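Structure record follows, encoded as structure tokens.
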Amino acid sequence: MAGQLRGAARILSSWRSYCSKGQQEKVSADFVEALKAVVGEPNVSTAGVVLEQHGHDESMHRCSPPDAVVWPQNVEQVSRLAALCYDHRIPIIPFGTGTGLEGGVNAIKGGICFNLTRMDRILDLSVDDFSVTVEPGVTRKALNSYLRDTGLWFPVDPGADASLCGMAATGASGTNAVRYGTMLENVVNLEVVLADGQILHTSGQGRRFQKSSAGYNLTGLFVGSEGTLGLITTATLRLHGIPEATTAVVCAFPSLQAAVDSTVQIIQSGLPVARIEFLDDVMIDACNKYSGLTNAVTPTLFLEFHGSQKLLEEQVQRAEQIVRQNGSSHFAWSKDPEERSRLWTARHNAWYAALALRPGCKGYSTDVCVPISRLPEIMVQAKKDLKAFGLTGALVGHVGDGNFHCILVFNSEDADEYRRVMEFVEQLGRNALATNGTCTGEHGIGLGKRQLLKEEIGPVGIEIMRQIKSVLDPKNLMNPGKVL
Amino acid sequence: MAELRALVGVKRVIDYAVKIRVKPDKTGVVTDGVKHSMNPFCEIAVEEAVRLKEKKLVKEVIAVSCGPKQCQETLRTALAMGADRGIHVEVPESEAERLGPLQVSRVLTALAQKEKAGLVLLGKQAIDDDCNQTGQMTAAMLDWPQGTFASKLTLEGDKVTVEREIDGGLETIRLKLPAVVTADLRLNEPRYATLPNIMGTN
């Protein structure tokens, strides 16, 4: 009798706990059993290390583990799991490769982390239509490897080997955006599971077209929504032809101003540059040390041109004229794939190279994007502020888009340094807003930039965003605490 | 302009990124509907041959593939990468399973003699059977010198210097042409076939 009473009391208390509104309490054992009933026991985990692994991304935001992790195998399971969470008011956190930089997957209100990477099929490849559909487990390198015999590729390249659906969720961009665009321009359709389990096809089921005027742009709404409006379970992407030939160019400059001025002039001259990346002297030094290179330690531009052999020669010549006019001392170029790979790996590893400057420290990357004409002034100011605040930081950027990152390396245990980092970041964000730019060019708002978003969009815009969110997610279960 | 002809063997295998599944009757692995592509080491061999042609050290690059008719896709990729001609040695599907290094070496030997090739370039091994035998057997049948596991290849006149990756490190040997060379991973980074080139092979 006493045992039955205790059992009943336990069930009652656990019922209360997973019905509570948005509090960080453990979900009940019964709920976990319900999850297992949908996806199978091996595809649910509450193990401490697994939760911890899924409670953070590559940013410095403190780990906030979810209450459980599930691995659905198909969209029907995702839908049933979402409906289950919806009925019991449990937060839902979509998870791809965990390579985000804004704490987008941190489960600050607990909940269930949906690791979607077991869904990893590549579907509906049409070489004639330059289109393919991918599930969340497909990363951009995996897709490009799959496509290599077709003459097509997906050019959006944020550096990390990220999940393509995750890239859609964060509105990712990268080194190629200046010529090929960002995810926003290259996602044609999305299959999204909404908070209540409904399955939405943002451009209509199975549709893939080069353009459309049909109704409201739902695809654009979900691109960049960072998991706060729904779970992306497939993305239909726009592919591009692999360039006939590629030339990489490296040029060193005596000053940051000269390098950025060159960038502005190259863009304005109409040269169809495919990549134009800036690395300041601190970054070059870090990359040299990390990747064993011997570049001159001075502000440097890395450019890449895509096209036919003849076109490339002309483009390289014109670019050389421009940079030499700005005082570039060292102009080297290569068509050789191994050499080009080596140069670009160094740039891709910028994050790790910067972290290696002060081992044991954490990194934070700013991400402002401003009109190109205002780029020189804001970057020069950023370097001055780094000195003034006494911080270790390296500048690297997709200057062709007016977007640059200041990678700050700091000791997270040092409260004073942490405070100075936060002040610097806010200052930079506000400087960017003052030049009519944005506080985030490609990383997203995540946890850390919600205040800046308010200042950027303004009260009317924020209110509209809130209303859209409340229509699609009335119980605020989709990745709560992010973006808004 | 050199007179050297390069014969490059290319094998159609299950793509390296595919998760292999064993057939329910356990007689092999599932190949139906599974993505196939050119063996990665064969890609490296084709790339090396095409680079030699671009440097004008080789006059003609001839790609060869043995197997069922789908091998033509693999040959097309080789052509799109820059090979001049593709030879498909057709082997019916039913017999393709029994096609191994011994049989392929015999074919390559006959073709090398018929096409008057001076250099036979192969991948060091195929990723489906990992045999690592075809290059060596072909060299033996032709009675030509061999430079296997090549990580660097330099043609100088009638000799080829090959830097090989071996267990203890690197070994450099010089062979008199005609010779057989098998490509290892670090020989080069193969180019992607571009759309215009692929269209051109149709």
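Basis for what follows: all heavy atoms, side chains included, without hydrogens, waters or symmetry-related copies. Just so it is clear, the model here is predicted, and its values are computed rather than measured.
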For the interface with chain B, which of A:Gly241, A:Ser341, A:Ala245 has the highest count of heavy-atom pairs at distances below 4.5 Å? A:Ser341

Answer yes or no: is there an ion pair linking B:Arg51 with A:Glu338, defined by an N-O contact shorter than 4.0 Å? yes

Any chance you could measure A:Asp149, atom CG, to B:Ile198, atom CD1, to the nearest 0.5 Å? 7.0 Å

Does CD belonging to A:Gln73 count more than 12 external heavy atoms closer than 6.0 Å? yes

Tell me, side chain or backbone of B:Met199 under 4.5 Å from chain A's heavy atoms, or both, or neither? neither

Closest heavy-atom pair and its distance - A:Arg148, B:Glu43: NE-OE2, 3.3 Å

Just checking A:Gln205: does its CD atom have more than 12 heavy atoms from other residues, nucleotides or ligands closer to it than 6.0 angstrom? no

Salt bridge between A:Arg340 and B:Glu189, side-chain N to carboxylate O under 4.0 Å? no

CD (B:Gln70) with more than 12 external heavy atoms under 6.0 Å: yes

Please flag which part of B:Asn197 lies under 4.5 Å from any non-hydrogen atom of chain A: side chain, backbone, both or neither. neither

Please classify the contact between B:Thr77 and chain A as side chain, backbone, both or neither, with a heavy-atom cut-off of under 4.5 Å. side chain

So which part of A:Thr150 gets closer than 4.5 Å to some heavy atom of chain B, the side chain, the backbone, both or neither? backbone

Looking at B:Asp25, I want to see if its CG is surrounded by more than 12 non-hydrogen atoms of other residues, nucleotides or ligands under 6.0 Å. yes

About how many Å separate CG of B:Leu195 and CG of A:Leu152, when rounded to the nearest 0.5 Å? 5.5 Å

Over 12 foreign heavy atoms within 6.0 Å of CZ, A:Arg207: no

Pairing donors with acceptors under 3.5 angstrom, does anything connect the side chains of A:Tyr146 and B:Ser37? no

Is atom NZ of B:Lys23 surrounded by more than 12 heavy atoms (other residues, nucleotides or ligands) closer than 6.0 Å? yes

Would you find more than 12 non-hydrogen atoms of other residues, nucleotides or ligands less than 6.0 Å from B:Lys176 atom NZ? no

Inspect the contact between A:Asp120 and B:Lys19 and indicate whether a charged nitrogen and a carboxylate oxygen are less than 4.0 angstrom apart. yes

Nearest 0.5 angstrom please: A:Thr246 OG1 to B:Tyr192 OH, how far? 10.5 Å

Greater than 12 external heavy atoms within 6.0 Å of B:Trp144's CH2: yes

